Undergrad: 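Encoded as structure tokens, here's the structure I'll be asking about.
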Amino acid sequence: MRDEDLIREVEQFLYREARMLDDRRFHDWLTLLTDDVRYFMASRSNRYPKSSKAISILDPDRYVEDDVGREDELAILEGTRETLRGRVARLDTGMAGAEDPRSRTRHVISNIEVEPGDVDSELRVYCNFIVYRSRAETEQDFYVGARQDILRRVDGAWKIAHRKLVLDQNVLWSKNVSIFF
């Protein structure tokens, strides 16, 4: 397969996933996940550069300049296939108060880059996203960030084996955090 064809196939997979989420086809979306999927969402944090005179760190080994949330730090959302399936099941009950009335979302995916993965059946995919969410009369939210995915070919189809989302916002109101990015 040519590189252009592979990139187009990955783009179509990501666009189809976004449409599933916007159409609230969450059970269909779950089929896009591998059994061992790891779903991790973090936010950026405000960290001073090493050269800053505003703070002093006595132990230089504790210093971290990168503002991107690491997977060994506290996550906004961390899930497996089972925990994500549980979230979908809760929506099915009609007892998810934060989704009554339901949210309307629009996922916009851009800047898609595709690289070979660590094994032949996987790809490393980077993209940026904007998720617009509105609910009821006045609730509106925008979530903006970057995604790093590992897509794995399973039985001839791409599936999400790992997803790391990093929100550019560093403060979120918990009542507004959507479960699917």
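Because the structure is predicted, anything quoted here is derived from the model rather than measured.
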Undergrad: How long is the straight-line distance from CG of Asp28 back to CZ of Arg16, given to the nearest 0.5 Å?
TA: 11.5 Å

Undergrad: If I compare all heavy atoms of Ala136 with all of Arg104, which pair ends up nearest, and what's the gap?
TA: O-NH2, 3.6 Å

Undergrad: Kindly compute the distance separating CD (Glu17) from CZ (Arg163), expressed to the nearest 0.5 Å.
TA: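 Taking CD in Glu17 and CZ in Arg163, the distance rounds to 4.0 Å.
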
Undergrad: Would you compute the distance between atom CG of Asn128 and atom CZ of Arg147 and round it to the nearest 0.5 angstrom?
TA: 10.0 Å

Undergrad: Under the criterion salt bridge (Lys or Arg N to Asp or Glu O under 4.0 Å), I'd like the reasoning laid out for Glu82 against Arg87: C-alpha separation, chi angles, the key distance, then a yes or no.
TA: CA-CA 9 Å; Glu82 287 311 307; Arg87 288 173 174 265; over 6 Å; no

Undergrad: Are Val125 and Ile150 connected in a single hydrophobic cluster, I mean Ile/Leu/Val/Met/Phe/Trp/Tyr linked by side-chain heavy atoms less than 4.5 Å apart?
TA: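 No, Ile150 and Val125 fall in different hydrophobic clusters.
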
Undergrad: Under the rule for ring-ring contact (aromatic ring centres under 6.0 Å, His included), what residues qualify as partners of Tyr126, not counting sequence neighbours?
TA: none

Undergrad: Answer whether the closest heavy-atom distance between the side chains of Phe129 and Val144 falls below 4.5 Å.
TA: no

Undergrad: Please walk me through it: do Asp5 and Arg8 pass salt bridge (Lys or Arg N to Asp or Glu O under 4.0 Å)?
TA: CA-CA 5 Å; Asp5 294 336; Arg8 185 72 176 147; over 6 Å; no

Undergrad: Run the salt bridge (Lys or Arg N to Asp or Glu O under 4.0 Å) test on Glu99 and Arg90 for me, step by step, so that the C-alpha distance in whole Å, both residues' side-chain angles and the decisive distance to 0.1 Å come before the verdict.
TA: CA-CA 10 Å; Glu99 280 298 304; Arg90 185 164 183 270; over 6 Å; no

Undergrad: Minimum heavy-atom separation for Tyr15 to Ile109, with atom names?
TA: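 Taking every non-hydrogen atom into account, CE2-O, 4.0 Å.
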
Undergrad: Do Trp29 and His27 make a side-chain contact, defined as non-hydrogen atoms from C-beta onward lying under 4.5 Å apart?
TA: no

Undergrad: At what distance, to the nearest 0.5 angstrom, does CZ of Arg25 lie from CE of Met20?
TA: 5.0 Å

Undergrad: Over all heavy atoms of both residues, which pair between Tyr132 and Phe142 is shortest? Give the atoms and the distance, please.
TA: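 Nearest pair, atom of Tyr132 first, then Phe142: CD1-CZ, 3.4 Å.
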
Undergrad: Rounded to the nearest 0.5 Å, what separation is found between the SG atom of Cys127 and the CD1 atom of Ile112?
TA: 6.0 Å

Undergrad: Please say whether more than 12 non-hydrogen atoms of neighbouring residues, nucleotides or ligands are located less than 6.0 Å from CG in Asp92.
TA: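 More than 12 within 6.0 Å, yes.
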
Undergrad: If we count only N and O atoms by modelled type, under 3.5 Å, do the side chains of Ser103 and Arg133 hold a donor and an acceptor together?
TA: yes

Undergrad: Between CZ of Arg85 and CG of Leu33, what distance do you get to the nearest 0.5 Å?
TA: 9.0 Å

Undergrad: With side chain to side chain donor-acceptor pair (under 3.5 Å) as the test, would you mind laying out the steps for His162 and Asp36 before giving the verdict?
TA: CA-CA 8 Å; His162 185 272; Asp36 63 341; over 6 Å; no

Undergrad: Tell me whether the count of non-hydrogen atoms from other residues, nucleotides or ligands lying under 6.0 Å of CZ in Arg102 goes above 12.
TA: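 Counting other residues, nucleotides and ligands, CZ of Arg102 stays at 12 neighbours or fewer.
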
Undergrad: Report whether Ile160 and Val154 are members of the same hydrophobic cluster (ILVMFWY, side-chain heavy atoms less than 4.5 Å apart, transitive linking).
TA: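 No; tracing contacts between hydrophobic side chains, which count when under 4.5 Å, never links both residues.
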
Undergrad: For a quick test of reading the model, state the closest non-hydrogen atom pair linking Ala18 to His107 and the distance between them.
TA: CB-CB, 3.7 Å

Undergrad: What I'd like to find out is whether the side chain of Leu21 reaches to under 4.5 Å of the side chain of Phe26, using heavy atoms alone.
TA: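 Sidechains of Phe26 and Leu21: in contact.
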
Undergrad: Would you say that Thr34 contacts Val37 through its side chain, given a criterion of any heavy-atom pair below 4.5 Å between the two side chains?
TA: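 The answer is yes; the side chains approach within 4.5 Å.
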
Undergrad: Working note: Asp149 + Arg124, criterion salt bridge (Lys or Arg N to Asp or Glu O under 4.0 Å); need CA distance, chi angles, decisive distance, verdict.
TA: CA-CA 6 Å; Asp149 291 340; Arg124 193 172 301 277; over 6 Å; no

Undergrad: Should Asp22 and Thr105 be marked as a side chain to side chain donor-acceptor pair (under 3.5 Å) after you check the CA-CA gap, both sets of side-chain angles, and the distance that decides it?
TA: CA-CA 5 Å; Asp22 291 338; Thr105 61; 3.0 Å; yes

Undergrad: Can a cation-pi geometry be assigned to Arg153 and Trp158, taking NZ or CZ under 6.0 Å from the six-membered ring centre and within 45° of the ring axis?
TA: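 Geometry flag: set, cation within 6.0 Å and 45°.
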
Undergrad: Could you walk me through whether Tyr39 and Leu165 pass the side chain to side chain contact (heavy atoms under 4.5 Å, CB included) check?
TA: CA-CA 8 Å; Tyr39 201 91; Leu165 302 110; 3.8 Å; yes

Undergrad: Following the transitive rule for hydrophobic clusters with a side-chain heavy-atom cut-off under 4.5 Å over Ile, Leu, Val, Met, Phe, Trp and Tyr, establish whether Val88 and Met41 coincide in one cluster.
TA: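 Same hydrophobic cluster.
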
